[in-house]
Structure formats: C-alpha cells, structure tokens
K.L.:
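I have a structure I would like to understand better, so I am pasting it below and will then ask my questions one at a time.
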Amino acid sequence: MRRALLPMVLAVALLGGCSTPEPAPAPPPAGGAAALPGPIPADLALRPAPSTAPAAPAFTGALTDGSSFAVADVWAQRPVVLTFFTSWCTTCADSQAALSELARSYRDRVVFVGVAGADQADEVQDYLRAHRVEYPVVLDDQQTIWRSYAVREPPAVVLVAKGGALLRGWPGGLDAPALDQRLRELVLAGQP
C-alpha cells in the first residue's frame, strides 16, 4: 500500500504541491514620476534672479513612464537644471555619472530635469539605469523642447532660477564641479 501511495505523493508534490514564486514586479521606469522632487526643504534660501534675466521657455511633456510633466510647476518653487542628452551621445555618457551624483547631493533643493531628444524609449531607459539617473526625464522625440532652448546637439545644460528666470545655458554641457559652483552661488542656505 505504501509503495502505491509513493508515486501519487511525488506527483502531487511535483505538479501542484509546490508553488513557484511569483516573479518580482518590474521596477518603475527610471526618470518617471517616482523621480519627482519631494517637499521643499524648510531651510532653503535662494539668491534672487537678476531682474534683467529673460523668462525661460516653459514646456510640458511626458516623462519616461508616460506621466505628464510641466516644468513651470517645478521652477515655481525652486531652481531647475535642465540637462539635454541622448542615449547615444558619448560626451553625455562620460559626464553623466558626475551629474547624477550632483543631482543627488542637491535633491529637493535644486531639481534636475533631463530632456532626452530624438531617442528610443528603451535606449533611454538603458542609459538612465546604467548611469544611475534618479531625476525626472522628459522624452522629446520631436526635439520641440530642444529647439525652444536653441539646443542643436547634446549635451547642453541650462540653469533656471526659482520663478522661471533663465540664468545661463551651456551648449556642449558643463562639468559637475563648475555646475556645483554655480549652484552654490544660487543656493544660499540649506547647502548639501
């Protein structure tokens, strides 16, 4: 009797008695709404923008996860650094790790926003994950945002003051130490 039950017990164990673990949920897309800034730090003090500074072009677009994003909502409360890049730009890739680290050090005080132009969404995701980009990224397939900022090729960096005043742009990008110096001049208190 025992020998007859043994094959059935084994069959039950192999076929239905053991459940396979559920696969882990996929992480949210890098650069999506989960990367939006948190609350404004209470100790944040900023140097006012010069009254002669022109207004930065406001834009709306879709983040990498499809969420709607309006840059004016962000710069209404704190400065913004726009980074224009593509996944295939080697210069962008060479400087991205330092920019990502700088963005983490200013988290919630100054918001970094990537603008990926003329790129494929899956290649942008690979780039963001490889370079640990933890800030929101707008997909600009038609390069409409790029044109509004006169960006012709990547990389480019633009600094916008709280309130939307265009402070400075750097075609060809700007290295992290130089950008850090600019941000330290702008952020008076609550330094990282």
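For the numbers below, each heavy atom of this structure counts, side chains included, while hydrogens, waters and symmetry mates do not.
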K.L.:
Membership question, hydrophobic clusters at under 4.5 Å side-chain separation (ILVMFWY): are Leu139 and Ile145 in the same one?
P.N.:
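No, Ile145 and Leu139 fall in different hydrophobic clusters.
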
K.L.:
Kindly compute the distance separating OG (Ser100) from CZ (Arg132), expressed to the nearest 0.5 Å.
P.N.:
8.0 Å

K.L.:
Indicate the atoms forming the closest heavy-atom contact of Ala35 with Pro136, along with that distance.
P.N.:
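Looking at all heavy atoms of both residues, the closest pair is O-CD, 3.3 Å.
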
K.L.:
Calculate, to the nearest 0.5 Å, the distance between atoms CD and OG belonging to Gln96 and Ser87 respectively.
P.N.:
11.5 Å

K.L.:
Could you check if a side-chain atom of Leu167 sits within less than 4.5 angstrom of a side-chain atom of Val160, using non-hydrogen atoms only?
P.N.:
no

K.L.:
Could you tell me whether a side-chain N or O of Tyr149 sits under 3.5 Å from a main-chain N or O of Pro57, the two making a donor and an acceptor?
P.N.:
yes

K.L.:
What are the two closest heavy atoms between Asp65 and Pro29, and how far apart are they?
P.N.:
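Reported closest heavy-atom pair: CB-CG, 3.8 Å.
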
K.L.:
Could you list the residues that satisfy salt bridge (charged side-chain N to carboxylate O under 4.0 Å, His left out) with Glu101, not counting sequence neighbours?
P.N.:
Arg104

K.L.:
Same cluster or not: are Ile40 and Phe69 linked, directly or through other Ile, Leu, Val, Met, Phe, Trp or Tyr residues, by side-chain heavy atoms under 4.5 angstrom apart?
P.N.:
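No, because Ile40 and Phe69 fall into different hydrophobic clusters, even though each may have its own neighbours under 4.5 Å.
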
K.L.:
Do Val158 and Arg168 have side-chain heavy atoms sitting under 4.5 Å apart?
P.N.:
no

K.L.:
Using every non-hydrogen atom in the two residues, find where Ala156 and Pro171 come nearest and quote the distance to one decimal.
P.N.:
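Scanning both residues, the minimum pair turns out to be CB-CA, 4.4 Å.
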
K.L.:
Taking the side chain as C-beta and beyond, is there a heavy-atom pair between Val133 and Leu99 under 4.5 Å?
P.N.:
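A side-chain contact under 4.5 Å is absent here.
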
K.L.:
For residues Val71 and Thr60, determine if any side-chain heavy atom of one lies less than 4.5 Å from a side-chain heavy atom of the other.
P.N.:
no

K.L.:
Can you tell me if Gln120 has over 12 outside heavy atoms packed within less than 6.0 Å of its CD?
P.N.:
no

K.L.:
Are the side chain of Thr64 and the backbone of Val137 linked by a donor-acceptor contact shorter than 3.5 Å?
P.N.:
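The answer is no, because no donor-acceptor pair under 3.5 Å joins these two groups.
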
K.L.:
Is a donor on one side and an acceptor on the other found under 3.5 Å between the side chain of Asp140 and the backbone of Val115?
P.N.:
no

K.L.:
To the nearest 0.5 Å, what is the distance between OG (Ser105) and CG (Asp180)?
P.N.:
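Ser105 OG to Asp180 CG: 6.0 Å, rounded to 0.5 Å.
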
K.L.:
Let me check something: any side-chain donor-acceptor pairs from residues 72-85 under 3.5 Å, sequence neighbours excluded? List them with distances.
P.N.:
| residue | atom | partner | partner atom | Å |
| --- | --- | --- | --- | --- |
| Arg78 | NH1 | Gly38 | O | 3.2 |
| Arg78 | NH1 | Asp108 | O | 2.8 |
| Arg78 | NH2 | Gly38 | O | 3.1 |
| Thr83 | OG1 | Tyr135 | OH | 3.4 |

K.L.:
Within this structure, what is the CH2-CG distance for the pair Trp88 and Asp119, rounded to the nearest 0.5 Å?
P.N.:
7.5 Å

K.L.:
Answer whether the closest heavy-atom distance between the side chains of Val111 and Tyr106 falls below 4.5 Å.
P.N.:
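SC-SC contact between Val111 and Tyr106 ruled out.
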
K.L.:
Supply the atom-to-atom distance Leu179 CG to Arg184 CZ, rounded to the nearest 0.5 angstrom.
P.N.:
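Taking CG in Leu179 and CZ in Arg184, the distance rounds to 11.0 Å.
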
K.L.:
Would you say the side chain of Trp170 lies within less than 4.5 Å of the side chain of Leu159, judging by non-hydrogen atoms?
P.N.:
yes

K.L.:
In Å, rounded to the nearest 0.5 Å, how long is the span from CD of Gln181 to CG of Asp175?
P.N.:
11.5 Å

K.L.:
Are the side chains of Phe59 and Val138 in contact, using a 4.5 Å heavy-atom criterion?
P.N.:
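The answer is yes, as the side chains (C-beta and beyond) meet within the 4.5 Å cut-off.
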
K.L.:
Below 4.5 Å, heavy atoms only, C-beta onward: do Leu102 and Phe112 meet side chain to side chain?
P.N.:
yes

K.L.:
Under 3.5 Å, is there a donor-acceptor pair between the side chain of Ser67 and the main chain of Leu63?
P.N.:
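Not at all, since once roles are kept as given, no pair shorter than 3.5 Å links the two residues.
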
